[in-house]
Amino acid sequence: MTRRLVLKPVAEQVIVVTGGSSGIGLATARMAAQRGGRVVIAARDGAALDAIAGRFRDVGLAVTPVIADVGHLDEVRRIARAAIDAYGGFDTWINNAGVSIFGGYADVPLADMRRLFETNFWGVVHGCVVALETLKTRGGALINVGSEASDAGLPLQAAYAASKHAVRGYTDSLRAELEADGAPVSLTLVKPASVDTPLPRHAANFMDVEPQLPGPVYSPDVVAEALLYAAAHPRRDIYVGAPARLLATGSFMLPHASDRYAARVLLRQQRSGRTAAGPRRGALHAPCGDDGDERGGEQGRVREYSFYTLLSRHGGS
């Protein structure tokens, strides 16, 4: 029997956010809690989670931290149990945890690529499977964080782009199954352009220079706004930043031109002028120990607003 889909306002929700110890996840958790929601934040870095929870509670915000690696199904189930124990369940689950690797295809060890998929792809699969055990009965929103790389290639981040392609394919396929089941669940894929988060410094790097994100770069608050909009309003896809939409359209309509653009522009834009000390694996296999920041510290080129995203999230489905 089909149940009618009803999404609550954020202020009345319990929201689970994976990858909640920095970047987009932390910005989303903070914004949700400031709007009256109760949040469960999951990440691998227990010390960072404790510090974040302390900051939240000091200003009266409701938060439950959970130490978990989304690459392990049993640990993702621990997140759901914590939400149920603390708040009786959850209304929105956001699969946000992610890592990246910078380097040429021949320079990145295969084992590191596989580890990236454990987090970026299997972490989403685990989150969807566990979240739907509750949401298919209770109703609510399931939101996966993709990327502008969900629809186009990204040189020097081939494994990352591949994982985000996989997330898109899994999300679209799962959405069809939920539709067939008449499940009262909104499933949204949010695809941001470059975002000012600690991702470059947390990423594994096999280049001779430090990585940087191709511009333009958006504030994590812009993505958080889109995620919380999807928590309360059914949407299929939301692109954050016009460049994400343009990259997807160009890859589909003008694939050869897009390949040349990636080779001549995107490759160069991801190489900073700062020499790297040597290969590093960053937060790929374990926390870096410097979580707790929403922003990565991009200087002078962060956009705090996306008019395109504001229009598209209200007009699309």
Side-chain angles (χ1 to χ4, degrees), residues 23-24 98-109 112-113 116-117 119-121 145-169 189-220 222-223 226 237-276 279-284 295-303 306 308-309 312:
I24 292 169
V99 292
S100 192
I101 304 172
F102 288 82
Y105 76 93
D107 299 323
V108 178
D112 287 343
M113 294 188 192
L116 179 146
F117 261 77
T119 299
N120 290 15
F121 175 67
V145 178
S147 165
E148 61 184 352
S150 294
D151 298 303
L154 197 55
L156 301 179
Q157 290 191 77
Y160 176 83
S163 71
K164 293 302 185 178
H165 275 62
V167 166
R168 186 193 68 189
L189 181 62
V190 175
K191 295 183 265 193
S194 295
V195 184
D196 179 28
T197 73
L199 183 142
R201 75 170 187 258
H202 289 174
N205 182 33
F206 295 92
M207 301 190 299
D208 59 345
V209 295
E210 288 296 322
Q212 65 180 14
L213 299 174
V217 181
Y218 290 84
S219 160
V222 180
V223 189
D237 300 281
I238 298 178
Y239 289 90
V240 179
R245 181 58 176 163
L246 290 172
L247 195 63
T249 302
S251 181
F252 180 73
M253 300 293 293
L254 300 166
H256 297 301
S258 295
D259 290 344
R260 289 193 293 271
Y261 173 78
R264 296 174 184 175
V265 178
L266 293 181
L267 191 147
R268 171 177 49 82
Q269 286 186 341
Q270 294 178 93
R271 293 175 53 84
S272 74
R274 306 184 307 276
T275 301
R280 68 161 186 263
R281 285 179 165 78
L284 189 60
R295 303 206 179 206
E298 293 282 346
Q299 299 297 320
R301 61 181 191 135
V302 177
R303 297 186 179 184
S306 170
Y308 166 81
T309 301
S312 64

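These numbers were taken from a predicted model, which means no experiment stands behind them. Hydrogens, waters and symmetry mates play no part in the numbers below; they use all other heavy atoms, side chains included.
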Of all residues at least two apart in sequence or in a different chain, which pass the side-chain contact (heavy atoms from CB on, under 4.5 Å) check with [X]?
X: Phe252; value: none
X: Pro216; value: Tyr218, Pro243, Arg303
X: Ala257; value: Leu254, Arg260

Could you list all the salt bridge (charged side-chain N to carboxylate O under 4.0 Å, His left out) pairs where at least one residue sits in residues 244-257, not counting sequence neighbours?
none

My understanding is that only residues two or more places apart in sequence, or in another chain, count here; which of them pass side-chain hydrogen bond (donor to acceptor under 3.5 Å, both in side chains) with [X]?
X: Ser147; value: none
X: Ser251; value: none
X: Ser306; value: Thr309

In a table with atom names and distances, give each donor-acceptor pair under 3.5 Å that connects a side chain of residues 153-161 to protein atoms at least two apart or in another chain.
{"residue": "Gln157", "atom": "OE1", "partner": "Ser100", "partner atom": "OG", "Å": "2.5"}
{"residue": "Gln157", "atom": "NE2", "partner": "Gln270", "partner atom": "OE1", "Å": "2.7"}

Sequence-distant partners of Arg281, salt bridge (Lys or Arg N to Asp or Glu O under 4.0 Å), two or more places apart:
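Applying salt bridge (Lys or Arg N to Asp or Glu O under 4.0 Å) to Arg281 gives Asp112.
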
Sub-3.5 Å donor-acceptor pair from the side chain of Ser258 to the main-chain atoms of Gly250, do we have one?
yes

Is there side-chain contact between Ser150 and Val167, with heavy atoms separated by less than 4.5 Å?
no

Looking at side-chain heavy atoms only, is the closest gap between Val265 and Arg268 below 4.5 Å?
yes

Kindly state each residue pair satisfying side-chain hydrogen bond (donor to acceptor under 3.5 Å, both in side chains) with at least one member in residues 189-213, sequence neighbours excluded.
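Matches after skipping sequence neighbours: Asp151-Lys191, Lys191-Tyr239, Arg201-Asp290, Arg201-Asp293, His202-Asp290, Asp208-Arg271, Glu210-Arg280.
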
